[in-house]
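Everything on this sheet refers to the single structure shown next.
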Amino acid sequence: MSDHKLLPAWREQSLGRRGFLRVSAATAATVALVAAGCTTDPPEPVKVDPFLLTLPTTDAGLFFFAYLLAIAQATVFQKVADTPPTDFTATDRAVFTDLRDHAVINRELLRRIIDPTGAAALLPADFAFSLASLTLTTRAGALAAAQQLADLAAAAYPTVLPLLSPAALLPRTLLLKMSSVHARHAATLRDLRTPGSFAADDAVFTTGLFAGQLRTKTPLETLAVLAPFFAPYVISAGNLPLPV
């Protein structure tokens with residue numbers, strides 16, 4: 001409906017100086033609001049990605065990050081221990097039984113740190129670490145997959161531990177012990193694949209200022225490695241503290 005049908009008398013009258021100023025001011029304000037995006041139209045609804053999982057902030061996010069890493073390890077170690085390759089040796093079987101037990105304990109301990117009551121659903125029901133791209137039916141494939149995850153955990157924990165707040169004394173102590181276990185796992189698996197390779201230059205700096213020190217990974221670097229295995233879910237670590 002047009003203006004002249006709504007307000008015929010108003011359009012036929014002279015505004016006058018005061019009326020003109022009022023109308024001019026109102027018009028200017030309206031233009032400014034429209035320019036700023038303040039329209040009367042309802043806002044577009046924000047689309048929520050059902051596959052985006054954002055880690056919490058501070059210590060809670062770091063514990064959740066460690067929990068995801070434990071899920072990855074426990075999944076692989078459990079599968080290999082339950083269905084070992086036919087070319088596994090007795091030593092291989094014993095090692096993977098220990099790896100599985102440690103990984104499951106770590107996973108459940110981290111879960112309790114995050115949710116002491118054990119009542120919360122921490123992840124979607126269909127969230128899982130995919131084994132589809134891994135070859136776990138041969139000794140070479142199983143050792144390669146296990147070493148990748150053990151190396152990843154060994155490299156990630158030294159970066160995470162300094163980011164925990166002083167208030168998280170007990171969980172930090174537990175994660176420190178887990179870090180030591182992860183390092184032993186990585187060394188054992190490397191030695192099974194290639195004897196004497198536990199201190200190879202792809203795991204430890206062999207020259208320069210940091211010679212002898214472990215090559216570490218930040219949570220972002222670690223999640224980038226794990227990303228294909230957690231697809232279609234995407235883990236956002238944008239809330240995590242950053243390494244100094």
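Bear in mind that the values here come from a model prediction, so they are computed numbers and not experimental data.
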In sequence, state the C-alpha distance, the side-chain angles, and the governing distance for Thr194 and Arg190, and then conclude on side-chain hydrogen bond (donor to acceptor under 3.5 Å, both in side chains). CA-CA 6 Å; Thr194 308; Arg190 281 176 163 270; over 6 Å; no

Going by the side-chain contact (heavy atoms from CB on, under 4.5 Å) test, name the single residue among Asp59, Thr218, Leu240, Leu62 that passes it with Leu163. Leu62

Close side-chain approach of Thr137 to Thr83, heavy-atom, < 4.5 Å: no

Taken to the nearest 0.5 Å, the spacing of Thr222 OG1 from Leu149 CG works out to 11.0 Å

Closest approach of Phe63 to Ala168 (non-hydrogen atoms, all atoms of both residues): CZ-CB, 4.1 Å

Hey, does Leu134 have a side-chain heavy atom less than 4.5 Å from the side chain of Phe129? yes

Leu143 side chain near Gln147 side chain, heavy-atom distance below 4.5 Å: no

Under 4.5 Å between side-chain heavy atoms, hopping through other hydrophobics if needed: is there a path connecting Phe127 to Leu223? yes

Any link between Val160 and Val181 through a network of hydrophobic side chains (Ile, Leu, Val, Met, Phe, Trp, Tyr) touching at under 4.5 Å? no

Parallel, tilted or perpendicular: which describes the rings of Phe77 and His185, with under 30° parallel and over 60° perpendicular? perpendicular

Under a 4.5 Å side-chain heavy-atom rule over Ile, Leu, Val, Met, Phe, Trp and Tyr, are Val104 and Leu122 clustered together? no

Note, Arg111 side chain near Asp115 side chain (heavy atom, < 4.5 Å): yes

Nearest 0.5 Å, please: how far is NE2 in His182 from NE2 in His102? 11.0 Å

Please determine, by modelled atom types, if Thr188 and Asp191 share a side-chain donor-acceptor pair under 3.5 angstrom. no

For the pair Phe96 and Phe88, name the ring-plane relationship: parallel under 30°, tilted 30 to 60°, perpendicular over 60°. tilted

Heavy-atom check, side chain of Val225 versus side chain of Gln148, under 4.5 Å: yes

Would you say Leu136 ends up clustered with Leu226 if hydrophobic residues are merged whenever their side chains have heavy atoms under 4.5 Å apart, either directly or through other cluster members? yes

Is there side-chain contact between Pro171 and Leu164, with at least one heavy-atom pair below 4.5 Å? no

Is there a path of hydrophobic side-chain contacts, each under 4.5 Å between heavy atoms, that joins Phe229 and Phe51? yes

Shortest non-hydrogen contact between Thr159 and Pro162, atoms and distance: O-CD, 3.4 Å

Heavy-atom closest pair (Val80 atom, Pro85 atom, distance to 0.1 Å) is CG1-CD, 4.1 Å

Short question: side chain of Asn106, backbone of Ala103 - any donor-acceptor pair under 3.5 Å? no

Side-chain heavy-atom pair Ile71, Leu123 within 4.5 angstrom cut-off: yes

